[in-house]
Trainee: 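A single structure is presented below for examination.
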Number of protein chains: 2
Amino acid sequence: MSEQRRGAVRSEASRVAILNATAALFAEKGYEHLSIEAIAAEAGVGKQTIYRWWPTKSALVAECMIEGFLMPGGAIPLNSGDIRSDLEAWVVAVFRFTEDPDNDVLIRSLVAAASDNGDIGRRLHDRLGASSELTERLAAAVRAGEVRPDLPIADVGEVLVGAVVLRILTREPTDEKLPTRLVDIVLGGPRPVA
Amino acid sequence: MSEQRRGAVRSEASRVAILNATAALFAEKGYEHLSIEAIAAEAGVGKQTIYRWWPTKSALVAECMIEGFLMPGGAIPLNSGDIRSDLEAWVVAVFRFTEDPDNDVLIRSLVAAASDNGDIGRRLHDRLGASSELTERLAAAVRAGEVRPDLPIADVGEVLVGAVVLRILTREPTDEKLPTRLVDIVLGGPRPVA
DNA sequence: TCTACAATACGAGACGTTGCGTCTTGCTGA
DNA sequence: TCAGCAAGACGCAACGTCTCGTATTGTAGA
């Protein structure tokens, strides 16, 4: 045992340069027109160094996403105590994010990447918030008795994200009341008049 | 005026052969690995004949979709008089359709195609039923007093389609109760016990 | 009416370009 | 000594343009 390894060790500088270049070119060109050669050139790296560590373009993009080089942050729903306005604010924030053409291209490219690579799909799913912050906010609402206790919160988050993604895909323009309507749908009707 | 044209006229046989070949190769290889040269060869047609009439691969796929060479039929929700079970049956049918790996590839390729071509996105949207049969069934439910009259039916259809698309993208396995939960969400709670 | 001609679409495929993924070379550092 | 590195050559596939020769169709002159 004790497999000693000798020889040079993997260069972290190259790795980071490659991820940075991938993120930059991805945002600029989109997933389809992303080329390994361009990434290598942009990163100042030999092609082999990319092929040595990542089997496919998809894997490279997936790692970019994991490491947070793509989609930094992401919307996090607040907890003001009012689940309805918090969800609405979240949807508004997401739509506002997608209004910037740059972000629009980014999202659609991510969808394209997801559509031919399962890993990317799953990570996109996590990162978009459906299984983390958004669900957490909904769970808090259940605990606070703000929504009916049998609400399938994981599915609610997914439905909201799905609606947003579909809007982006179909290029349907969003009207300003859409966030309210979406939240009404998933919460089972408009806010009761007090 | 009266700009007369002369010379040979466009060959309908070639046009149909190209669309057929595109549909066949699209379903077989997916959008990404679809090549114009392969389409030309499959259709027994010169490449120039394709480039003469379609500016891009996306446009070709879009026309395939318009003409119904792709996604024949599509699920049509029944009207049994019970909106809840009709919607559920529709969701089940759609998920069952996507369980076949062939259809799965087709759908994901359509999503990929939509993500870099707006026309395809819009047509996919129409064809998936969100703006036609599904909405019509929901409108009938409103007229019959089955659901609250202020339900934003167009958005409900979109939300359901979005949820299905997202499931396909994320490769999340579907459990058998998912259709029920999705319908519960958009209809504002589980079916009341009679 | 018939015939030449011009205009256009067609199948076929050559062409230069781009990006692929592999391989080689010479260098650097553990 | 051996592994990772940058650089880039290599053969391959598909790109989109272009040019052949042929077929089809309208226009115009006999």
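Being a predicted model, the structure only gives us computed values, none of them experimental.
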Trainee: Is the shortest side-chain heavy-atom distance between B:I18 and B:I50 below 4.5 Å?
Mentor: yes
Trainee: Do B:Y51 and B:I36 touch side chain to side chain, with heavy atoms closer than 4.5 Å?
Mentor: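 Result yes, sub-4.5 Å side-chain heavy-atom pair found.
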Trainee: If you define the side chain from C-beta out and look only at heavy atoms, does anything of B:E63 sit under 4.5 Å from B:F69?
Mentor: no
Trainee: Can you tell me if CD on A:E176 sees more than 12 non-hydrogen neighbours from other groups inside 6.0 Å?
Mentor: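 At most 12 heavy atoms, drawn from other residues, nucleotides or ligands, come within 6.0 Å of this atom.
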Trainee: Are any protein N/O atoms closer than 3.5 Å to N/O atoms in nucleotides 4-8 of chain D? If there are, list each pair with its distance.
Mentor:
{"residue": "D:dC5", "atom": "OP1", "partner": "A:S11", "partner atom": "N", "Å": "2.8"}
{"residue": "D:dC5", "atom": "OP2", "partner": "A:R52", "partner atom": "NE", "Å": "3.3"}
{"residue": "D:dC5", "atom": "OP2", "partner": "A:W53", "partner atom": "NE1", "Å": "2.9"}
{"residue": "D:dA6", "atom": "OP1", "partner": "A:S14", "partner atom": "OG", "Å": "3.1"}
{"residue": "D:dA6", "atom": "OP2", "partner": "A:G46", "partner atom": "N", "Å": "3.3"}
{"residue": "D:dA6", "atom": "OP2", "partner": "A:T49", "partner atom": "OG1", "Å": "2.7"}

Trainee: Decide yes or no for B:R52 and B:T49: does some side-chain heavy atom of the first lie under 4.5 Å from some side-chain heavy atom of the second?
Mentor: yes
Trainee: Taking atom P of D:dC15 as reference, at what distance in whole Å does atom CD of B:E37 sit?
Mentor: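 Taking CD of B:E37 and P of D:dC15, I get 5 Å after rounding.
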Trainee: Nearest 0.5 Å, please: how far is OG1 in A:T22 from CD in A:E67?
Mentor: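 Going from CD on A:E67 over to OG1 on A:T22, the span is 11.5 Å.
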Trainee: Tell me, do A:V61 and A:L34 make a side-chain contact under 4.5 Å, heavy atoms counted?
Mentor: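 With C-beta onward as the side chain, the pair touches.
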Trainee: Between B:E146 and B:R84, is there a side-chain N and carboxylate O pair less than 4.0 Å apart?
Mentor: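 Not counted as a salt bridge, because no side-chain N and carboxylate O are separated by less than 4.0 Å.
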Trainee: Can you list, in residue-number order, the parts of residues 18-27 of chain B that come under 4.0 Å of DNA chain D, counting heavy atoms only?
Mentor: none
Trainee: Could you check how far CD of B:E42 sits from P of D:dA14, rounded to whole Å?
Mentor: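 Those two atoms, CD and P, are 14 Å apart.
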Trainee: Output the rounded distance in Å from NE2 (A:H33) to C1' (D:dG16).
Mentor: 13 Å
Trainee: Is there a side-chain contact between B:I107 and B:F97 (heavy atoms, below 4.5 Å)?
Mentor: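 Contact flag for B:I107/B:F97 side chains = yes.
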Trainee: What is the distance from CZ of A:R6 to P of D:dC2, rounded to the nearest Å?
Mentor: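 After rounding, the gap between these two atoms is 5 Å.
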Trainee: Over all heavy atoms of both residues, which pair between B:R167 and A:D155 is shortest? Give the atoms and the distance, please.
Mentor: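 For B:R167 and A:D155, the tightest heavy-atom pair comes out as NH2-OD1, 3.9 Å.
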Trainee: What is the 5' to 3' range of DNA chain C, first to last nucleotide, that sits under 4.0 Å from any heavy atom of chain B?
Mentor: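 Range of nucleotides within reach of chain B: C:dA6 to C:dA14.
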Trainee: On a heavy-atom basis, which atom in B:R181 and which in A:P152 lie closest, and how many Å separate them?
Mentor: CD-CB, 3.7 Å
Trainee: To the nearest Å, give me how far apart CD (B:E32) and C1' (D:dC15) are.
Mentor: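 Nearest whole value for this atom pair: 15 Å.
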